[in-house]
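Worksheet: the structure to be examined is printed underneath.
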There are 2 protein chains.
Amino acid sequence: MEAYERIKKSIIEGAYAPGTRLTEENLAKELQISRTPIREAIKRLETERLISPLKRGVIVSEFNTEDIRQIYNLRALLEGYAAAEAAVNRSDEDIEAMERCNEQFKDLLETPTYERTERLNEIMELNNQFHSAVYNASHNEHLRFHISSVTVLPLVFRSFYWYNEYQLKKSLELHQTISVAIQANEPDRAKTAMQEHIYQGRDHVLKNIDHES
Amino acid sequence: MEAYERIKKSIIEGAYAPGTRLTEENLAKELQISRTPIREAIKRLETERLISPLKRGVIVSEFNTEDIRQIYNLRALLEGYAAAEAAVNRSDEDIEAMERCNEQFKDLLETPTYERTERLNEIMELNNQFHSAVYNASHNEHLRFHISSVTVLPLVFRSFYWYNEYQLKKSLELHQTISVAIQANEPDRAKTAMQEHIYQGRDHVLKNIDHES
DNA sequence: AGTTGATTTATTGTATACAAAGTGCTACGA
DNA sequence: TCGTAGCACTTTGTATACAATAAATCAACT
């Protein structure tokens, strides 16, 4: 794996906490490579807004509740649009991909909880796959790009750890509603359901953030 | 000016045409610097989608009519949202900034056409300033980021050279409508006018692209 | 003791050398 | 003539040395 991906992973998973200062030399030592590839990775992460420039060096970006609100609202806007476009442009394979995700999601929910963290990671992965399937079904490369860049944030990653069984079930149901609407070529229905789904996620995160601090 | 900005400028202004292959060494020779800063610039431009990776090296990104449609539709979505948000969050200074742009725009339209290219450059600059003023007025940093990255394309730059006097006048009128709606705290009115403005731009570009080929 | 200036230290910016890997060309054989 | 192996060349990837600059420390002076 190249330097960029490794650093990004560490940030998203929280290994480098928000506010942590990153220096080229430390990263180079840590990843056992020279500064050159580190510099490229940093530049790239900077344009993705995952790290913020300082007068000297960079820190892992910090997001306050206003940021979270804005980011989730943008997700609702963009993914809502993606769902609507998907309902117009989707192929049969797109539908299958979405249904597959939801099937697996359902299976997982019905499985007795073997190991909490492991199970949540799988659910999170399936959730990501479903959302990807939706914006892939929109067949809009530029839209996909913007959604990706708004989604890759540490918070979005952490949020699942706060979900309880009822909330996971609600998520699945909305996924199914979205999938059906896209299959039935109902753009507005698909959009509404997607937005509702994302706003529920937003409120959930905001509530828990508040609770934490 | 640093390497990144210089290369970006060349691409946007069309000095490096779409499809042109760029090699690190040539750029280094051209800008009279070493490959190291060139590499950083390339990485950054790559994440911004202005250049596309090849198995070996990069080319200036090419956009077909479908890309243009998708990009303008995204602009309509994002800038429409920005206008609506601006109508809620704007300060008095934001309003002044917008009005200033429109005043200058109006003056320029009424000025006898001294030198076509020069005049169009100024109009283009004022148009950009107005759009910036709108998304600044939304006071949403993340939204601003996405709009910037969807706007910085060679096409958007060239589009103004196809405008005639009547179309420029229509643009100004819509700018004024947007400005008034934002001032009057009418989100939906602001959004509609902005979207209409951008869709007009889209159709104009698509018509002229068709005509060219 | 506090403030300012100078010296040291930490960190990034740039250039360059070399390694790695892809691309294309040439010559040879079928 | 076509295909392919091998070689040369082009171009990117990485490491490293050194320059430039910002930050921190320390000292001297008030």
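Here is the naming used below: chain letters follow the sequence lines, and residue numbers restart at 1 for every chain.
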Can you run down the salt bridge (charged side-chain N to carboxylate O under 4.0 Å, His left out) pairs that involve residues 26-36 of chain B, sequence neighbours left out, and say none if there aren't any?
B/Glu24-B/Arg35
Using a 4.0 Å cut-off on protein heavy atoms (strictly under), produce a 5'-to-3' string for nucleotides 16-24 of chain C with B for base contact, S for backbone-only sugar-phosphate contact, and - for none.
B----BBS-
Taking only residues two or more places apart in sequence or in another chain, which ones pass ring pair (Phe, Tyr, Trp, His ring centres under 6.0 Å) with B/His142?
none
Nearest whole Å is fine: how far is [N] [atom2] from [X] [atom1]?
X: B/Glu40; N: C/dG13; atom1: CD; atom2: P; value: 7 Å
X: A/Ile38; N: C/dT14; atom1: CD1; atom2: P; value: 18 Å
X: B/Leu22; N: D/dT12; atom1: CG; atom2: C1'; value: 14 Å
X: A/Leu54; N: C/dT12; atom1: CG; atom2: P; value: 10 Å
X: A/Glu46; N: C/dG13; atom1: CD; atom2: C1'; value: 14 Å
X: B/Lys43; N: D/dG13; atom1: NZ; atom2: C1'; value: 9 Å
X: B/Leu27; N: D/dT12; atom1: CG; atom2: C1'; value: 13 Å
X: A/Arg39; N: C/dT11; atom1: CZ; atom2: P; value: 14 Å

NZ/NE/NH1/NH2 to OD/OE distance under 4.0 Å, [X] and [Y]:
X: A/Arg144; Y: A/Glu141; result: yes
X: B/Arg119; Y: B/Glu122; result: no
X: B/Lys43; Y: B/Glu40; result: no
X: B/Lys191; Y: B/Glu79; result: no

